[in-house]
Amino acid sequence: MRILVTGGAGFIGANFVRLTVREHPDVEVTVLDLLTYAGDERSLAGLDGVRLVQGDVADAELVDSLVAGVDVVVHFAAESHNDNSLADPSPFVRTNVVGTFTLLEAVRRHGVRLHHVSTDEVYGDLPLRAADATAPVERFTEATPYRPSSPYSATKASSDHLVRAWVRSFGVHATISNCSNNYGPYQHVEKFIPRQITNLVDGVRPKLYGAGLNVRDWIHVDDHNRAVWTILERGLAGETYLVGADGETSNLEVVRALLEIFGRDPEDFDHVPDRPGHDLRYAIDATRLRTELGWEPRYTSFAAGLAATVEWYRANEPWWRPAKAVTEARYAVGP
Ligand code: NAD
Ligand code: TDX
């Protein structure tokens, strides 16, 4: 099998390529990645036989020629950071919407299968869990209506709608996954967990938006990528699968867990101004993926996964150090 992985030099894409080389060595991998600030060739270092093409997923000619030579496209390429989408939404529209459109046209022309990687943020947010433990708990399912909040999530929602329309109107063979927040190695230091880990390495206090009560449903990146492989192998054409590992944790709890790993006082963090429009809570009901396709997460302890991630950042400072000061300078300006 020959796979084109768009965005394969980014966080989840690079981990997907690594997992593929490890667990599916017969697969031929080509990566298409623009190598924006978020992409890093070094995330693919040491892999034999992976071809990296630097280019834009919205470049129709290039995309057409690459799609013509593969059996499957797995589409990770995106502008992915909510805070950046508040400062300047335009690259989000181009990459996430026009880029997905460009790919869809190419897979339609060449009859190639597409897996579109998306996010739970397309569903907007949920209320915090009620204090009463017997109250019903709301979670996203495949039937939840779309209600995106940020420019980022609106462009991801748009891309999902394009995929669904191309399935229905043109019979394109595509599947979609909507996953919750990923953590693990090779994640850019702009994101919450790597930002706080690298702050702590530098002796800087973690920065918590607002009160820190917002909840994210954390999943290890390898569990997400194994779900993508499960969908490639057993998913039904035209279907959507939600991916999550029951990892609901408030931002405050994440910061306290990191402070504990670093042996610091649990109150040793700063509250900083909240993100405008900040989604309150995400939570995934992955029953369909578990029961219909037989997927199960392997990282069942968030604490252990977090500790391993801290170890990775401690051991790989040369990988993240060049981006740290630039990223913090951007945060200092604000949206
Ligand atoms: P990332 O920002 O780390 O990586 C994105 C990659 O896409 C980078 O390598 C970048 O260079 C590349 N890219 C950007 N614009 C491009 C373009 N025009 N053409 C080609 N390549 C381009 O993002 P990530 O966190 O790895 O997310 C990957 C995908 O997974 C995205 O589609 C995102 O919406 C989705 N997702 C992410 C999460 C999460 O928690 N990070 C959760 C669910 C879904
Ligand atoms: O310094 C910070 N302090 C803080 O409290 C940062 C960077 C974030 N936060 C909060 C905001 C969120 O509630 O932490 C939470 C996680 O923030 P991000 O890492 O920016 O992720 P989020 O906005 O939840 O979106 C992520 O998950 C869904 C990915 O970036 C998206 O690409 C994915 O679709």
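Atoms within a ligand are numbered from 1 in the order they appear, just like the ligands themselves.
- Taking hydrophobic clusters as Ile, Leu, Val, Met, Phe, Trp and Tyr residues chained together by side-chain heavy-atom distances below 4.5 Å, V221 shares a cluster with V31.
- Applying side-chain contact (heavy atoms from CB on, under 4.5 Å) to L103 and the options D64, L66, L162, V57 leaves one that passes, V57.
- Neither the backbone nor the side chain of A14 comes within 4.0 Å of ligand 1, counting heavy atoms alone.
- Considering only non-hydrogen protein atoms, atom 19 (O) of ligand 2 sits nearest to F192 N, 2.9 Å.
- For ligand 2 and R216, the ligand atoms under 4.0 Å from any heavy atom of the residue are 12 (C), 13 (O), 24 (O).
- Environment of CZ in R22: crowded, with over 12 heavy atoms of neighbouring residues, nucleotides or ligands closer than 6.0 Å.
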R330 vs Y37, test: side chain to side chain contact (heavy atoms under 4.5 Å, CB included). Steps then yes/no.
CA-CA 13 Å; R330 239 184 4 235; Y37 80 95; 3.9 Å; yes
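- Near E190, with a cut-off below 4.0 Å to any heavy atom, the atoms of ligand 2 are 7 (C).
- Put simply, no part of S43 is less than 4.0 Å from ligand 1, judged by heavy atoms.
- Applying the 6.0 Å contact sphere to CD of E328 captures more than 12 heavy atoms from other residues, nucleotides or ligands.
- Heavy atoms of Y152 come nearer than 4.0 angstrom to ligand 1 in at least one pair.
- For atom 9 (O) of ligand 1, the nearest non-hydrogen atom of the protein is D33 OD2, 2.6 Å.
- Judged purely by atom type and a 3.5 angstrom limit, D223 uses its side chain to pair as donor or acceptor with the backbone of R298.
- Nearest to atom 20 (C) of ligand 1 by heavy atom, out of V243, L34, N84, is L34.
- Put simply, the side chain of S250 does not reach to within 4.5 Å of the side chain of L213, judged on heavy atoms.
- S180 places a side-chain N or O within 3.5 Å of a backbone atom of D217 that can act as its donor or acceptor partner.
- Taking 4.0 Å as the cut-off, H278 counts as a neighbour of ligand 2 on heavy-atom distance.
- Ring-plane geometry between Y123 and F140 is classed as tilted, the angle between the planes lying from 30 to 60 degrees on a 0 to 90 degree scale.
- The minimum heavy-atom distance between L306 and A257, with the atom names listed, is CD2-CB, 3.8 Å.
- No more than 12 heavy atoms of other residues, nucleotides or ligands lie within 6.0 Å of CG in D48, so this atom counts as exposed by the packing criterion.
- At the shortest separation from atom 10 (C) of ligand 2 among protein heavy atoms lies N251 ND2, 3.4 Å.
- Listed by number with element, the atoms of ligand 1 under 4.0 angstrom from any heavy atom of F11 are 3 (O), 4 (O), 25 (O), 26 (O).
- For the pair R216 and Y183, the NZ or CZ position fails the cation-pi test of under 6.0 Å to the six-membered ring centre and within 45 degrees of the ring normal.
- Ligand 1 lies less than 4.0 angstrom from a heavy atom belonging to S118.
- At least one heavy atom of G55 sits closer than 4.0 Å to an atom of ligand 1.
- The option with the heavy atom closest to atom 1 (O) of ligand 2, from among H271, E328, R195, R281, is R195.
- Applying the 4.0 Å criterion to heavy atoms of I12 picks out, from ligand 1, the atoms 24 (P), 25 (O), 26 (O), 27 (O), 30 (O), 36 (N), 37 (C), 38 (C), 39 (C), 41 (N).
- Atoms of ligand 1 lying under 4.0 Å from any heavy atom of S80, numbered from 1 in the order shown and given with element: 1 (P), 2 (O), 23 (O).
- Counting atoms of ligand 2 from 1 in the listed order, those under 4.0 Å from a heavy atom of T119 are 28 (C), 33 (C), 34 (O).
- Within the set Y152, Y331, W218, the minimum heavy-atom distance to atom 7 (C) of ligand 2 is found for Y331.
- Atom 43 (C) of ligand 1 has C179 O, 3.3 Å as its closest protein atom, hydrogens excluded (heavy atom only).
- Other residues, nucleotides and ligands contribute over 12 non-hydrogen atoms within 6.0 Å of the CD atom of E296.
- Proximity of T6 to ligand 1 is not established, as no heavy-atom distance is less than 4.0 Å.
- For atom 5 (O) of ligand 2, the nearest non-hydrogen atom of the protein is Y209 N, 2.8 Å.
- Both the sub-6.0 Å distance and the 45° axial angle are satisfied by R314 relative to the ring of F262.
- Assignment of G99 to the shell around ligand 1 is not supported, since no heavy atom sits closer than 4.0 Å.
- Backbone and side-chain nitrogen or oxygen atoms of Y282 are examined, and none is located within less than 3.5 angstrom of a nitrogen or oxygen of ligand 2.
- Ring-plane geometry between F16 and F76 is classed as tilted, the angle between the planes lying from 30 to 60 degrees on a 0 to 90 degree scale.
- The protein heavy atom nearest to atom 30 (O) of ligand 2 is K191 CE, 3.0 Å.
- In terms of protein heavy-atom proximity, atom 21 (O) of ligand 2 is closest to N181 ND2, 3.5 Å.
- Residue Q196 has at least one N or O atom closer than 3.5 Å to an N or O atom of ligand 2.
- Near A78, meaning under 4.0 Å from any of its heavy atoms, are these atoms of ligand 1: 5 (C), 7 (O), 14 (C), 31 (C), 32 (O).
- Residues H188 and Y186 place their aromatic rings such that the two centres sit no closer than 6.0 Å.
- A 6.0 Å sphere centred on CD of E41 holds no more than 12 heavy atoms belonging to other residues, nucleotides or ligands.
- Ring orientation note: the planes of Y146 and H161 are tilted relative to one another, at an angle of 30° to 60°.
- Summarising the contacts of atom 13 (N) of ligand 1 with N15, T36, T102, N96, the nearest heavy atom is found in T36.
- Closest protein heavy atom to atom 32 (O) of ligand 2: S80 O, 2.8 Å.
- Between F269 and the choices R264, Q196, R256, the side-chain contact (heavy atoms from CB on, under 4.5 Å) rule is met once, by R256.
- Residue contact check: N181 has heavy atoms under 4.0 Å from atoms 40 (O) of ligand 1.
- In the vicinity of K207, heavy-atom distances shorter than 4.0 Å reach the ligand 2 atoms 1 (O), 2 (C), 3 (N), 4 (C), 5 (O).
- Counted within 6.0 Å of CD on E233, heavy atoms from surrounding residues, nucleotides or ligands total more than 12; the atom is thus considered enclosed.
- The nearest heavy-atom contact from the protein to atom 28 (C) of ligand 2 is E121 OE2, 2.9 Å.
- In this structure, K156 is part of the shell of residues with a heavy atom less than 4.0 angstrom from ligand 1.
- Compare H81, R275, Q187 by their heavy atoms: the one nearest to atom 23 (O) of ligand 2 is in R275.
- Counting atoms of ligand 1 from 1 in the listed order, those under 4.0 Å from a heavy atom of T95 are 15 (N), 16 (C), 17 (C), 18 (N).
- Atoms of ligand 1 found under 4.0 Å from any heavy atom of G10 (numbered from 1 in listed order, with element): 3 (O), 4 (O), 6 (C), 8 (C), 9 (O).
- Below 4.0 Å from some heavy atom of D56 lie the following atoms of ligand 1, by number and element: 17 (C), 18 (N), 19 (N).
- Contact annotation for L35 and ligand 1: only backbone heavy atoms (N, CA, C, O) come within less than 4.0 Å of the ligand.
- Aromatic rings of W320 and W312 (six-membered ring for Trp) have centroids beyond the 6.0 Å cut-off, not under it.
- Where the criterion is an N or O separation shorter than 3.5 Å, residue side chain and backbone included, D83 fails it with respect to ligand 2.
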